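Numbered from 1 within each chain, the chains take letters A, B, ... in sequence-line order. Just so it is clear, the model here is predicted, and its values are computed rather than measured.
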Number of protein chains: 2
Amino acid sequence: MRIAELSQTTGVPVPTIKYYLREGLLPAGELTSPNQARYDDRHVQRLRLVRVLLDIGRLPIATIRDLLTELDRPDPDVHEVLGRALPATVGTRETSDPAMLAAAHERVRSLIKERGWLLSDNARTRQSAAEVVAAFQQVGADVEHLLEQYADLAEQIAVHDLRFVAQAGGNEGKLHAAVVGSILGDSLLAALRRMAQEHESAKMFGIRDDSC
Amino acid sequence: MRIAELSQTTGVPVPTIKYYLREGLLPAGELTSPNQARYDDRHVQRLRLVRVLLDIGRLPIATIRDLLTELDRPDPDVHEVLGRALPATVGTRETSDPAMLAAAHERVRSLIKERGWLLSDNARTRQSAAEVVAAFQQVGADVEHLLEQYADLAEQIAVHDLRFVAQAGGNEGKLHAAVVGSILGDSLLAALRRMAQEHESAKMFGIRDDSC
DNA sequence: TTGACATGGATAGTGTAGCTCTCCAATAGT
DNA sequence: ACTATTGGAGAGCTACACTATCCATGTCAA
């Protein structure tokens with residue numbers, strides 16, 4: 001398969017594929033001569049994964065590269081790789097009020113402790129959780145109830161997620177499932193949540209039925 | 001309060017505040033003379049909300065403007081406004097395979113039907129749900145189990161979300177809570193989910209305890 | 001074999017989003 | 001009176017994800 005066919009199959013323009021090759025998102029094809037390369041089905045899969053992480057996951061190119069580098073490690077330890085790779089997929093921000101952020105960090109720490117969550121010392125997930133908690137407070141919303149309830153539900157979600165990972169064959173497949181499940185899972189959950197919210201809102205506030 | 005104080009209070013640079021004013025994210029201050037305006041606490045709140053929607057929610061400026069315009073409607077019908085405003089906060093994308101997307105749409109339609117969800121004909125949430133389902137399939141993942149399980153959990157989440165909205169005082173407050181709860185809620189849930197995943201992964205794959 | 005077209009690779013250019021800078025006359029504060 | 005700041009408008013900047021152009025080398029159908 002040459003680059004044109006790879007482009008046809010995936011719907012990604014040729015110049016974009018060349019760009020991904022340059023950026024290391026896609027491994028180089030097998031060179032058959034100085035200016036001819038052969039691509040195969042793994043390139044198709046990889047390219048689709050890149051597009052999905054970009055379009056749905058909205059991950060920056062650099063993060064995707066790091067993620068794929070982890071995916072490509074030989075003989076990976078699934079838990080270890082996930083601990084290193086997935087935290088990179090949550091964004092951080094500079095909050096205006098450091099005291100508020102510190103308090104939020106403390107709240108997150110106590111949440112982790114009271115639930116007995118076993119977490120590595122990788123700070124990024126904790127950091128982003130604290131940032132969101134601080135954000136709630138900054139707009140004057142009381143996040144306390146939501147935090148506990150969401151934590152309960154997050155535990156349940158994670159059980160399903162890990163089952164999703166476990167069903168995949170091989171370490172390689174598990175890692176792929178973990179990345180896909182985590183990134184796309186966020187979006188899937190968000191979309192379903194929006195629909196469930198609208199349904200719940202219809203029940204609560206009464207239906208005007210101006211549409212369906 | 002003048003612009004410099006507004007900047008100090010919120011940590012947002014003066015030129016950025018001017019930019020937000022131009023873009024309609026912030027209502028103009030009360031003009032005391034042709035080139036002097038007075039800002040108050042509502043501007044502080046609004047500015048903080050804008051920053052949070054930008055930084056945590058990653059919403060584009062245009063979407064935030066639309067959202068705030070809905071928030072500012074006099075005497076709003078909460079359910080109606082939410083139905084119009086929140087779907088705008090989910091992104092869409094152009095998938096490569098239309099047949100796959102159509103199938104995903106059909107799957108989402110049947111999901112909605114089997115659960116009896118009462119949704120307006122606003123297509124955006126359904127569209128993004130279908131896109132995510134199609135994305136799972138495009139990377140070769142079987143989303144079927146996850147879809148049902150997530151839908152169950154989404155219903156529970158939505159109950160908490162609507163309770164969060166209901167506890168807020170006044171229609172104005174409810175709308176504010178709905179926007180904050182929906183946008184920040186996505187991020188909060190994602191952050192907690194990452195932590196719960198890591199904990200679950202530690203339990204499942206065994207702990208190397210190379211950190212904590 | 002030949003000639004139109006495709007290829008890998010490199011470099012430069014484009015479009016968009018979210019700011020940031022510069023300027024200006026009018027005004028505030030001292 | 002005078003220095004600093006203000007609201008406002010326009011242009012400029014930076015980062016990101018492409019997209020376009022070249023070019024020497026290849027492929028492949030006629």
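- The phosphate of dC18(D) (OP1 or OP2) has a side-chain N or O of R51(A) nearer than 4.0 angstrom.
- Summarising the geometry, the separation between CG on L31(A) and P on dA24(D) is reported as 19 Å, rounded to the nearest angstrom.
- Distance from the side chain of P34(B) is smallest to dT27(C) among dG26(D), dT27(C), dG7(D).
- The side chain of S33(B) contributes no N or O atom lying less than 4.0 Å from OP1 or OP2 of dA26(C).
- Between A135(A) and I56(B) the shortest heavy-atom distance is CB-CG1, 3.9 Å.
- Counting non-hydrogen atoms of neighbouring residues, nucleotides and ligands closer than 6.0 angstrom, the CD atom of Q149(A) exceeds 12 such neighbours.
- Distance, N35(A) CG to dT25(D) C1': 4 Å, rounded to whole Å.
- Heavy atoms of other residues, nucleotides or ligands lying less than 6.0 angstrom from CZ of R58(A) number 12 at most.
- Among the atoms of the strands shown, base atoms are found under 4.0 Å from some heavy atom of P15(A).
- Nucleotide dG13(C) holds its C1' atom 12 Å from the CZ atom of R22(A), rounded to whole Å.
- At whole-Å resolution of the value, CD in Q36(B) and P in dA25(C) are 16 Å apart.
- One interatomic measurement links the two molecules: CD1 of I3(A) to P of dC5(C), which rounds to 20 Å at whole-angstrom precision.
- Using a 4.0 Å heavy-atom distance criterion, A28(A) is classed as making no nucleic acid contact.
- Residue Y19(B) has no polar side-chain atom (N or O) positioned under 4.0 Å from OP1 or OP2 of dA17(C).
- The interatomic distance linking R58(B) (CZ) with dA17(C) (C1') rounds to 14 Å, in whole Å.
- The 5' end of DNA chain C is approached more closely, in terms of each residue's nearest nucleotide, by E5(A) than by the other of E5(A) and K18(B).
- Counting to the nearest Å, the C1' atom of dC19(C) and the CD1 atom of I17(B) are 13 Å from each other.
- Within the 4.0 angstrom heavy-atom criterion, no nucleotide atom of any strand lies near L21(B).
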Intermediate values then yes/no, salt bridge (Lys or Arg N to Asp or Glu O under 4.0 Å), D186(B) and R194(A): CA-CA 10 Å; D186(B) 282 345; R194(A) 283 288 186 288; 3.2 Å; yes
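- No more than 12 heavy atoms of other residues, nucleotides or ligands shown are found within 6.0 angstrom of CD on E172(A).
- When the nucleotides dA28(C), dT19(D), dC19(C) are ranked by their closest atom to the side chain of T16(A), dT19(D) comes out on top.
- The CG atom of L53(A) sits 15 Å away from the C1' atom of dA17(D) (whole-angstrom rounding).
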